[in-house]
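Working notes for the structure below.
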Amino acid sequence: MLLTEKLNQIKRAQVQKPDKVFTLYLNTDRRDPDRQHGEWKIQLKNGFRNFEDYLKESGNKEEQENFNKVKEKVQEEIDALEHDLNRGLVIIASSDDQIWFVERTQVPVTTNLYWEEEPQLDQLEELSKDYPNTGIILVHYDYVRILETELGFLTKSEEYAWDPDEDNWRIYEGTTGSENTPGNGSTAQRELFEDRVKANRERWYKSMASKLDKKSKNRDWEKIYVAGEKEEAEELSKLMNKETEIVGKNYADKRDDEVLELLVS
């Protein structure tokens, strides 16, 4: 399910009193000088305590129980994700269990905690404007990696390698010819491999371009990057029916989060 669809579901959810919705935006970006030593943990702890103190003073036992229920669930989720956080974290949870939304972000968010009748979606709405649905295509010889992002979140990553035996692209499961040949073997072997790639590249890329156009339509990509060696990126881009932005750099050896950090954040 697309993140925009999830957000629409959250908007449609009707939370009735005395139930409420907890919304958390948490800046966990270790590149931020003020976040390098886990300061977000202190902010989260203080935020929880402020709500607890307020609810204790209100004397509303039922609301206190509802908040504690949500707090326990949220804290368990954060504890599970602590060592795998990126630049930010968004959690939206209702005390009646109708709403449960958790996303780690590749882009920064501003730390805020809310306990309200409705989810607070302003930051997510702003992210939807600043970081539209994006497809990132990394091309290198006979290997293509496709990253999909929504609202700055990585939603899908898949890799394809050209299978000369089947004469078709297949989901990547092992070593591609480009990894197996150019970096190893004799100069003659590498040159033979590169000649084979050049001779077949247009046919291979036409097939891939068709797949990418279909993905773009089905996944509502609003922006598309094609990254790789300039000649390869330009060739694949020209064969697509969608408007793309070409990035003449090879990111094939970069992790997904590193690619998003370089191109999206």
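Heavy-atom basis, side chains included; hydrogens, waters and symmetry copies ignored.
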**Study point:** Worked verdict on Leu121 versus Lys11 for side-chain contact (heavy atoms from CB on, under 4.5 Å)
**Key:** CA-CA 9 Å; Leu121 304 176; Lys11 291 176 183 178; 3.6 Å; yes
Review point. For Trp204 and Asp142, what are the C-alpha separation, side-chain angles and deciding distance, and is it a side-chain contact (heavy atoms from CB on, under 4.5 Å)?
Key: CA-CA 8 Å; Trp204 295 356; Asp142 57 350; 3.6 Å; yes
Review point. Out of Leu236, Asn241, Leu239, which residue meets the side-chain contact (heavy atoms from CB on, under 4.5 Å) rule with Leu212?
Key: Leu236
Practice item. Please indicate whether Lys211 has more than 12 foreign heavy atoms, meaning atoms of other residues, nucleotides or ligands, lying under 6.0 Å from its NZ. Key: yes
Practice item. Report whether Met208 and Ile171 are members of the same hydrophobic cluster (ILVMFWY, side-chain heavy atoms less than 4.5 Å apart, transitive linking). Key: yes
Check your understanding: Which ring pair (Phe, Tyr, Trp, His ring centres under 6.0 Å) pairs, counting each pair once, include a residue from residues 211-241, with sequence neighbours left out?
Key -> none
Check your understanding: Counting only N and O atoms by type, is there a donor-acceptor contact under 3.5 Å from the side chain of Thr155 to the main-chain atoms of Glu148?
Key -> yes
Practice item. Indicate yes or no: at least one non-hydrogen side-chain atom of Glu116 is less than 4.5 angstrom from one of Thr23. Key: no
Review point. Any donor-acceptor pair under 3.5 Å linking the side chain of Gln98 with the backbone of Gln14?
Key: yes
Revision key, fill the gap. When every non-hydrogen atom of Val70 is compared with those of Ala93, the smallest separation belongs to CG1-CB, 4.0 Å
Point to revise | Considering all heavy atoms, the nearest Leu127-Pro108 contact | key: CD2-O, 4.5 Å
**Study point:** Test item: Asn133 and Arg219 side chains (from C-beta on) under 4.5 Å apart, heavy atoms
**Key:** no
Review point. Do Val247 and Ile136 have side-chain heavy atoms sitting under 4.5 Å apart?
Key: no
Point to revise | Hydrophobic cluster identity match, Ile246 and Val144, side-chain contacts under 4.5 Å | key: no
Review point. Nearest 0.5 Å, what's the CZ-NZ distance between Phe51 and Lys71?
Key: 12.0 Å
Review point. Checking side-chain contact (heavy atoms from CB on, under 4.5 Å) for the pair Leu89/Val102: CA distance, chi angles, key distance, verdict?
Key: CA-CA 7 Å; Leu89 177 67; Val102 180; 4.2 Å; yes
Practice item. Would you give the length of the straight line joining atom CD of Glu245 to atom CD1 of Ile224, rounded to the nearest 0.5 angstrom? Key: 11.0 Å
Check your understanding: Say you draw a straight line from CG of Asp256 to CG of Leu147; how long is it, rounded to the nearest 0.5 Å?
Key -> 4.5 Å
Point to revise | Exercise: identify the closest heavy-atom pair between Leu262 and Lys254 | key: CD1-CE, 4.4 Å
Practice item. Could you tell me whether the side chain of Ser207 reaches within less than 4.5 Å of the side chain of Asn168, counting heavy atoms only? Key: yes
Check your understanding: Are the side chain of Ser128 and the backbone of Glu125 linked by a donor-acceptor contact shorter than 3.5 Å?
Key -> yes
Exercise for review: In sequence, state the C-alpha distance, the side-chain angles, and the governing distance for Asn66 and Lys20, and then conclude on side-chain contact (heavy atoms from CB on, under 4.5 Å).
Suggested key: CA-CA 8 Å; Asn66 286 342; Lys20 285 190 174 181; over 6 Å; no
Check your understanding: Within a strict 4.5 Å, meaning less than it, do heavy atoms of the Lys45 and Ile42 side chains meet?
Key -> no
Review point. Salt bridge check: are Lys215 and Glu158 linked by an N-O gap of less than 4.0 Å?
Key: yes
**Study point:** Carboxylate-amine/guanidinium contact Glu103 Lys6, below 4.0 Å
**Key:** yes
Check your understanding: Is a side-chain N or O of Glu63 found less than 3.5 angstrom from the main chain of Lys61, in a donor-acceptor match?
Key -> no
Check your understanding: Does atom CD of Gln123 have more than 12 heavy-atom neighbours, drawn from other residues, nucleotides or ligands, at distances under 6.0 Å?
Key -> yes
Check your understanding: Say you draw a straight line from CD of Gln9 to CG of Leu7; how long is it, rounded to the nearest 0.5 Å?
Key -> 9.5 Å
Practice item. Indicate yes or no: does Glu82 engage Lys41 in a salt bridge with an N to O separation below 4.0 Å. Key: yes
Practice item. Side-chain contact test, heavy atoms from C-beta onward, threshold under 4.5 Å: evaluate it for Tyr160 versus Ile146 and give yes or no. Key: yes
Point to revise | Over all atoms of both residues, closest heavy-atom pair of Arg145 and Ala252 | key: NH2-O, 3.1 Å
Exercise for review: Might you point out which heavy atoms bring Gln64 and Gly59 nearest each other, and give the distance in Å?
Suggested key: NE2-C, 4.1 Å
Exercise for review: Give the minimum heavy-atom separation between Lys69 and Ser95, together with the two atoms involved.
Suggested key: NZ-O, 3.1 Å
Practice item. Evaluate the side-chain proximity of Asn68 to Glu52: yes if any heavy-atom separation is below 4.5 Å, no if none is. Key: yes
Check your understanding: Quick one: CG on Leu124 to CD1 on Ile10, what's the gap to the nearest 0.5 Å?
Key -> 7.5 Å
Review point. Hey, does Glu232 have a side-chain heavy atom less than 4.5 Å from the side chain of Asn250?
Key: no
Exercise for review: Kindly check if the number of other-residue, nucleotide or ligand heavy atoms within 6.0 Å of NZ (Lys73) is above 12?
Suggested key: yes
**Study point:** Cluster check Leu55, Phe48: I/L/V/M/F/W/Y, side chain < 4.5 angstrom
**Key:** yes
Point to revise | Pairs where residues 95-116 contributes a residue and the test ring pair (Phe, Tyr, Trp, His ring centres under 6.0 Å) is met, not counting sequence neighbours | key: Phe67-Trp115
Revision key, fill the gap. When rounded to the nearest 0.5 Å, the distance separating CG of Leu81 from CD1 of Ile91 is 7.0 Å
Check your understanding: Are a donor atom and an acceptor atom from the side chains of Thr111 and Asn27 found within less than 3.5 Å of each other?
Key -> no
Check your understanding: Pairs in or reaching into residues 79-99: which pass ring pair (Phe, Tyr, Trp, His ring centres under 6.0 Å), with residues at least two apart or in two chains?
Key -> none
